K.L.:
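Submitted below is the structure of interest, expressed as structure tokens.
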Amino acid sequence: MINCPSCGAALPVRGLSAPYTTCSHCQTLILRQGQAVEEIGKVAVVPEDVSPVRIGTRFHVGGVDFVAAGRVRWGWSGGSWNEWLLYAADGQTRWLGEAMGMYMLTAERADVMTSSLARDFAGGGELVPGQTFVVDGAEYAVSDVKQAECLGGEGDLPFPPRTGWAMTNVDFRTTGGAALSLQRDGQGASAWLGTWHELADLAPRALAEIEGWTVPEAMQ
Amino acid sequence: MNAPKHAVRAVTCPNCGGTLEVRAAGWSVNLACRYCGSILDVSRPEVQLLEQHNRAAAGFALPLGSRGRLFDTEWQVIGALKRSDAWSTWREYLLLNPYTGYRWLVEYEGDWKFGTMLLGRPEESGKTVVWQGQRYRQEDEAVLATTETVIGEFYWRVSSGDRVLCASYTSRDFTLSREEADGEVNWTHLVALSGGHVESAFGILPPEPEEPRGGGNKARGYALFETEAQAEAQAAAARGVDDVPAMLGLSLLTLIAALVLMLGFAGGSAEVRTDIEAPFGRTAEGIRLGSITVNRPWQFVSVTARANTLDNQWVDLDYSLVDRATGQSIDAYGLVEHYTGRDSDGAWSEGDTKATIQFGHIRKGTYDVFVDAGAHRWPTDVPPVNSASPWEASTYGGWGEERPGPVPVAVTVKTNTVPRGNFWTLCILVALMPAFALYRGWKYR
């Protein structure tokens, strides 16, 4: 059991892979190193939203169980979106992007970063909608390019969700609904490959209860 | 278990001060005020005014916030758009269920379609696209659609005046709609809903509800036609006064007056009649029909072609009126066609051996009238004559088939005619209102 160094509240242990966590009681950002905890600062409260996902929501996709352990909220000139950090039973963490009521489940693909297009992007190169890129034999087309900044976070996270932290996000799509996103911030670039889903496709359990709405039977 | 979260966020319109609800907080980007139509940015905690308007939007059948069950899921209407292209206007409603996502209801003249945004992209090739093994065909050219009115909230930036290029592809009852704006393409899969389905699901009245019958009830006129005079007439009807005979009398008087006026303007008529021959396989060009004189400014000239021997044939006639003073030509196309035959339903015939065309708006002056005439045969046409030289023409067919003789056509050109089409149109228009009144009187008797 670890307690918040600021308010003393118990910090839930969801997994061990993410070094950062936030205290849901006092918004303190905490760096965990083994049993040692260090207070880093405060995080912005993620404004309440209509998202049916919450920390603790479970998913079952492609034979693998996931649980939402943390969230970062990103804002850009055209709105905002959530990225949920999922701990997976197979040990590989995933991100679940949530925007427009749709979900993009991705896993990191470090090998994609060795391609010339991705290396160029990592070096600060521009990508424009329509540009294409082949990964695993499928053609991915740039669907949008966003300059995003962090609006806050909660739960366990691999990095500190500092407000105002900027990144460039490029989304690619295939005709079949596969998704690729390249992300670049001040510290480096990474590639995330996955697929677009509707919530029901993810076999969710323990969803957030939203006032005025009933969780569909199939998701209870 | 955590307490249910409040997904509804209350905001105040910075323009009109109206209290508004954001029902998809965090997902919605823009909110168009339902009271003043102003567009607000609600993607951040601080609400910003993007576009100031001072006109509330009306005319949406589904109110914001209303709920209904479709396809076993409960939906809430959170946004509505009125859009139009060069020919038509339609309305689109954005539906939300937080556990399922967004859907669309598109309404055009009382017909509803339910739309789901595609997660992938169909494969496009020319006029067809393939989506999940199904081929969809494009029906009309892509059109530019403009957003005229917006109310409620949306997950993207909206603005009245937004323009998108829309194309739709159909396959049976399904439609794929492609919308492109600023290089971004969105695809929506639409399914037609049967009549009354949406109305009963959302508990709204159908567009033309059954009227209450019986005495004392003021009949509800179509808002479009309702005028003070009509309201007066309805009041009179409620008092038991029947003014339909008066209406009919007035209509008849109007028609008589119009006819007298038309004859007066037409003045004395002159005509010239010429017999011509329309050959098969070629067009006889520049046959002179004579000259006519239009002696009053701006008259109608009619040309009647009679081809009494026509049977399973047609004659193309290109008329020109050449002004002697200016040399300018006014052209018109006439067609005489007459077909007969016999099928499982018995004998049939189509077309007429006589056809009249009318030139409107012919200036005062003297005109030479010419025609280019060519005859054709159905179902197998006579092959064209490739050369004008007589001996080649005589080798026609090569199988001993005799080239059919030309079709005799009698052409009559008449000046200062009465525009009969206009007159009949007037008759119909004048009769419309009394007929409507009669129908209503009969229906509610």
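On a predicted model such as this, the values are computed, not experimentally measured, just so you know. Chain letters run A, B, ... following the sequence lines, proteins first, then strands; residues in each count from 1. All values below come from the heavy atoms of this structure, side chains included, with hydrogens, waters and symmetry mates left out.
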K.L.:
Is any side-chain heavy atom of E211(A) closer than 4.5 Å to one of V8(B)?
P.N.:
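A side-chain contact is absent here, since even the closest heavy-atom pair is not under 4.5 Å.
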K.L.:
What part of Q132(B) gets closer than 4.5 Å to chain A, counting heavy atoms only: side chain, backbone, both or neither?
P.N.:
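Nothing of Q132(B), per the 4.5 Å heavy-atom cut-off to chain A.
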K.L.:
Is it the case that over 12 heavy atoms from other parts of the model lie below 6.0 angstrom from the CG atom of D90(A)?
P.N.:
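Counting neighbours around CG of D90(A), more than 12 heavy atoms of other residues, nucleotides or ligands fall under 6.0 Å, so yes.
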K.L.:
Is there side-chain contact between E98(A) and W27(B), with heavy atoms separated by less than 4.5 Å?
P.N.:
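Of all side-chain heavy-atom pairs linking W27(B) with E98(A), at least one is under 4.5 Å.
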K.L.:
Measure W187(B) against the heavy atoms of chain A and call it side chain, backbone, both or neither at under 4.5 Å.
P.N.:
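The answer is neither part of W187(B).
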K.L.:
Determine whether more than 12 heavy atoms belonging to other residues, nucleotides or ligands lie under 6.0 Å from atom CZ of R44(B).
P.N.:
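Correct, the count exceeds 12.
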K.L.:
Tell me, yes or no, whether the heavy-atom count around E126(A) atom CD, taken from other residues, nucleotides or ligands under 6.0 Å, exceeds 12.
P.N.:
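Result for CD/E126(A): open.
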K.L.:
Looking only at atom types and distance, does a side-chain atom of R23(B) sit under 3.5 Å from a main-chain N or O of V50(A), one as donor and one as acceptor?
P.N.:
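Checked: no pair found.
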K.L.:
Would you mind checking if R121(B) and E139(A) are paired as a salt bridge, meaning a charged N to carboxylate O distance below 4.0 Å?
P.N.:
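Result for this pair is no, no salt bridge flagged.
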K.L.:
Please look at V53(A) and chain B and tell me whether the side chain, the backbone, both or neither of the residue comes under 4.5 angstrom of a heavy atom of that chain.
P.N.:
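The backbone, not the side chain.
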K.L.:
Between A24(B), G101(B), S28(B), who has the most heavy-atom pairs with chain A when the cutoff is under 4.5 Å?
P.N.:
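Looking at each option in turn, the highest pair count goes to A24(B).
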K.L.:
Locate the shortest heavy-atom distance separating G79(A) from S43(B); write the atom from each residue and the value.
P.N.:
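Shortest heavy-atom separation between G79(A) and S43(B) comes out as CA-CB, 3.8 Å.
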K.L.:
Could you check whether any side-chain N or O of R73(A) sits under 3.5 Å from a backbone N or O of G26(B), counting only pairs where one atom can act as donor and the other as acceptor?
P.N.:
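Yes: the side chain of R73(A) pairs with the backbone of G26(B).
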K.L.:
Less than 4.5 Å to any heavy atom of chain B: does that hold for the side chain of M219(A), its backbone, both, or neither?
P.N.:
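Contact with chain B: side chain only.
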K.L.:
Among L119(B), V29(B), D41(B), single out the residue with the greatest number of heavy-atom pairs under 4.5 Å to chain A.
P.N.:
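Heavy-atom pairs under 4.5 Å are most numerous for L119(B).
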K.L.:
I'd like to check T214(A) versus Y99(B) (side-chain heavy atoms, cut-off strictly below 4.5 Å). Are they in contact?
P.N.:
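The answer is no, as the side chains (C-beta and beyond) never meet within the 4.5 Å cut-off.
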K.L.:
Would you mind checking if D49(A) and R9(B) are paired as a salt bridge, meaning a charged N to carboxylate O distance below 4.0 Å?
P.N.:
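Looking at D49(A) together with R9(B), the answer is no, because their closest N to O distance does not fall below 4.0 Å.
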K.L.:
Side chain, backbone, both or neither: which part of N30(B) has a heavy atom under 4.5 Å from chain A?
P.N.:
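Looking at N30(B), nothing touches chain A.
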K.L.:
Against chain B, work out which of S77(A), G130(A), A141(A) has the most heavy-atom pairs shorter than 4.5 Å and name it.
P.N.:
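Winner by heavy-atom pair count: S77(A).
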K.L.:
Is any side-chain heavy atom of K5(B) closer than 4.5 Å to a side-chain heavy atom of R54(A)?
P.N.:
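The answer is no; the side chains never approach within 4.5 Å.
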K.L.:
Go through the atoms of T195(A) and report whether side chain, backbone, both or neither lie under 4.5 Å from a heavy atom of chain B.
P.N.:
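Nothing of T195(A), per the 4.5 Å heavy-atom cut-off to chain B.
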K.L.:
Under a 4.5 Å cut-off applied to non-hydrogen side-chain atoms, are Q76(B) and W213(A) in contact?
P.N.:
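Result yes, sub-4.5 Å side-chain heavy-atom pair found.
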K.L.:
Tell me, side chain or backbone of S51(A) under 4.5 Å from chain B's heavy atoms, or both, or neither?
P.N.:
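For S51(A), the contact with chain B is made by backbone and side chain together.
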K.L.:
How far apart are the closest heavy atoms of I210(A) and P4(B), and which atoms are they?
P.N.:
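Residues I210(A) and P4(B), closest heavy atoms: C-CB, 4.5 Å.
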